Number of protein chains: 2
Amino acid sequence: MARAGLTRERLARAGAELADEVGFDEVTVSALARRFDVKVASLYSHVRNSHDLKTLICLLALEELADRGAAALAGRAGKDALAALANVYRDYAREHPGRYAAAQLRLDPEAAAASAGVRHAQMTRAILRGYDLTEPDQTHAVRLLGSVFHGYVSLELGGGFSHSAPDTQTTWTRIVDALDALLRNWPAPTAQGPAH
Amino acid sequence: MARAGLTRERLARAGAELADEVGFDEVTVSALARRFDVKVASLYSHVRNSHDLKTLICLLALEELADRGAAALAGRAGKDALAALANVYRDYAREHPGRYAAAQLRLDPEAAAASAGVRHAQMTRAILRGYDLTEPDQTHAVRLLGSVFHGYVSLELGGGFSHSAPDTQTTWTRIVDALDALLRNWPAPTAQGPAH
DNA sequence: GCAATTACCTAAAGCCTTTAGGCAACCAGG
DNA sequence: CCTGGTTGCCTAAAGGCTTTAGGTAATTGC
């Protein structure tokens, strides 16, 4: 009987495809075994457990996203760069919803530190070089951008904005406009008390 | 043998507690049956299936969140209202992570329309009455606020900002400041082409 | 106090996860 | 070649969750 030639690499790749087709939550060791026409137990030589498989897919997605981000940022600065990175996230999520969901998997701290996640933070920070922000405002801004990108994309993907005017593409463009304006005009801290 | 007195209502409430304790993904018909000291099949008289149970918990969480939001908004306007609603989401997520995760469940359109989800959109829109925005910018702003609230809260909950200075409370305050400034200074649309 | 309804039960089938142990395929070195 | 070691995939099995079918006991209403 011929061998299937399984590797962690191939499992991650096939798992990512499976996630895009049926949803990340439905990715299962059994389903992946079926896809390779192999018995379930065979996968356990390559993968510690179900969670390990999902982690593999998560890491793959983070890498792919970071690669796309780096490519998009090359040669751009300021609002151009901001819009480019924003679109990378949105487009990736729309093209690969399962992979995008995988990228949201909560990694344990060591895995997270070794992942491409750090490249994402670096890219966002790189964009801010085009704006006039110093620490700690820069970190606040990094977190804001991360929140907007992630929040918008996951709401849109989840259908939160569906069936209502104006269309989501317009909103997306206008949000990028707004973020650009905000970064160019970042407000100073206000007093702590009630602002009224 | 005494009856346990199960109702959809009580199942939703107990399911929500369970979600906060073990995580929404671990909420299972079996686990809930154990909690009521009842056989698994018994729950299926009250709940169509596992997904139905999760939907119940989701609806409960949306209600609770909307109630808190309404209470927080009463008597406030402008930035005060903005900060109040923002804190409702963040505090709820920190107090009840499982319920908050439940609230993100993707509902089918009819269920969504009948849920407290619509109250959430109304509350965000109410806040914008304190700012000078007209359609379609108001809708763009509603979506931006939703994205930031959801994105920030879920990233913070997922540990995305952990172990790094500055602390997340400061960032949260500064983000609310920034959103307030942005809403008071909402930019006009820019030309479509590259902005450089 | 009896009938109808309701609430919870037993039983069973199906799928997923995970571990233990076996045989066959591949890859060295002789 | 061909022989042994390693590796890759297998069978087998136990345990958990989901869901359905059909039974019995508690409750409700007349």
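Every chain is numbered from 1 and lettered A, B, ... according to where its sequence line falls, protein lines coming before strand lines. Values below: every heavy atom of this structure, side chains too, minus hydrogens, waters and symmetry copies. Predicted, not measured: the structure shown is a model, and the values here were computed from it.
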Please tell me which of the listed nucleotides, dT20(D), dT19(C), dT17(C), lies nearest to the side chain of Ala41(B)? dT20(D)

Over all atoms of both residues, closest heavy-atom pair of Ser115(A) and Leu59(A): CB-CD2, 3.5 Å

Which nucleotide in dC9(D), dT18(C), dC17(D) has an atom nearest any side-chain atom of Arg34(B): dC17(D)

Quick one: do Glu95(A) and Arg68(A) satisfy salt bridge (Lys or Arg N to Asp or Glu O under 4.0 Å)? Show the steps, please. CA-CA 13 Å; Glu95(A) 286 171 37; Arg68(A) 285 197 184 197; 2.9 Å; yes

N/O (side chain, Ser42(B)) to phosphate O (OP1/OP2, dC9(C)) under 4.0 Å: yes

Rounded off to whole Å, could you give me the CG-to-C1' distance for the Leu32(A) and dC15(C) pair? 16 Å

Can you measure Leu43(B) atom CG to dT20(D) atom C1' for me and round it to whole angstrom units? 14 Å

By the 4.0 Å heavy-atom rule, please label Ser30(A) as base, sugar-phosphate, or nothing. base

Take atom CZ of Phe36(A) and atom P of dC10(D), then tell me their distance rounded to the nearest Å. 12 Å

Of all the choices, dT19(D), dT17(C), dT10(C), which nucleotide is nearest to the side chain of Lys39(B) once you look at every atom? dT10(C)

Rounded to whole Å, how long is the line connecting atom CG of Asp25(B) with atom C1' of dG16(D)? 17 Å

Does a nitrogen or oxygen in the side chain of Thr28(B) sit under 4.0 Å from OP1 or OP2 of dT18(D)? yes

Answer with yes or no whether the side chains of Thr173(A) and Gln169(A) bring together a donor and an acceptor at under 3.5 Å. yes

Listed nucleotide nearest any side-chain atom of Val38(A), set dT17(C), dC10(D), dC8(C): dC10(D)

For atom CG of Leu6(B) and atom P of dC8(C), their distance in whole Å: 4 Å

Distance-only donor-acceptor check, side chains Thr55(B) and Asp52(B), under 3.5 Å: no

Just the rounded figure in Å: distance from P of dG8(D) to CZ of Arg8(A). 13 Å

Hey, is the side chain of Ser45(A) poking within less than 4.0 Å of OP1 or OP2 on dG8(D), counting only N and O atoms? no

From OH of Tyr44(A) over to P of dA12(D), roughly how many Å is that when rounded to an integer? 19 Å

Check whether any side-chain N or O of His46(B) sits under 4.0 Å from OP1 or OP2 of dC8(C), and answer yes or no. yes

Choose from dC9(D), dT18(D), dT10(C) the nucleotide whose nearest atom is closest to any side-chain atom of Val29(B). dT18(D)

Rounded to the nearest angstrom, tell me the gap between atom CD in Glu9(B) and atom C1' in dA7(C). 18 Å

Quick one: pull up CD in Glu21(B) and CD in Glu26(B) and give me the separation to the nearest 0.5 Å. 12.5 Å

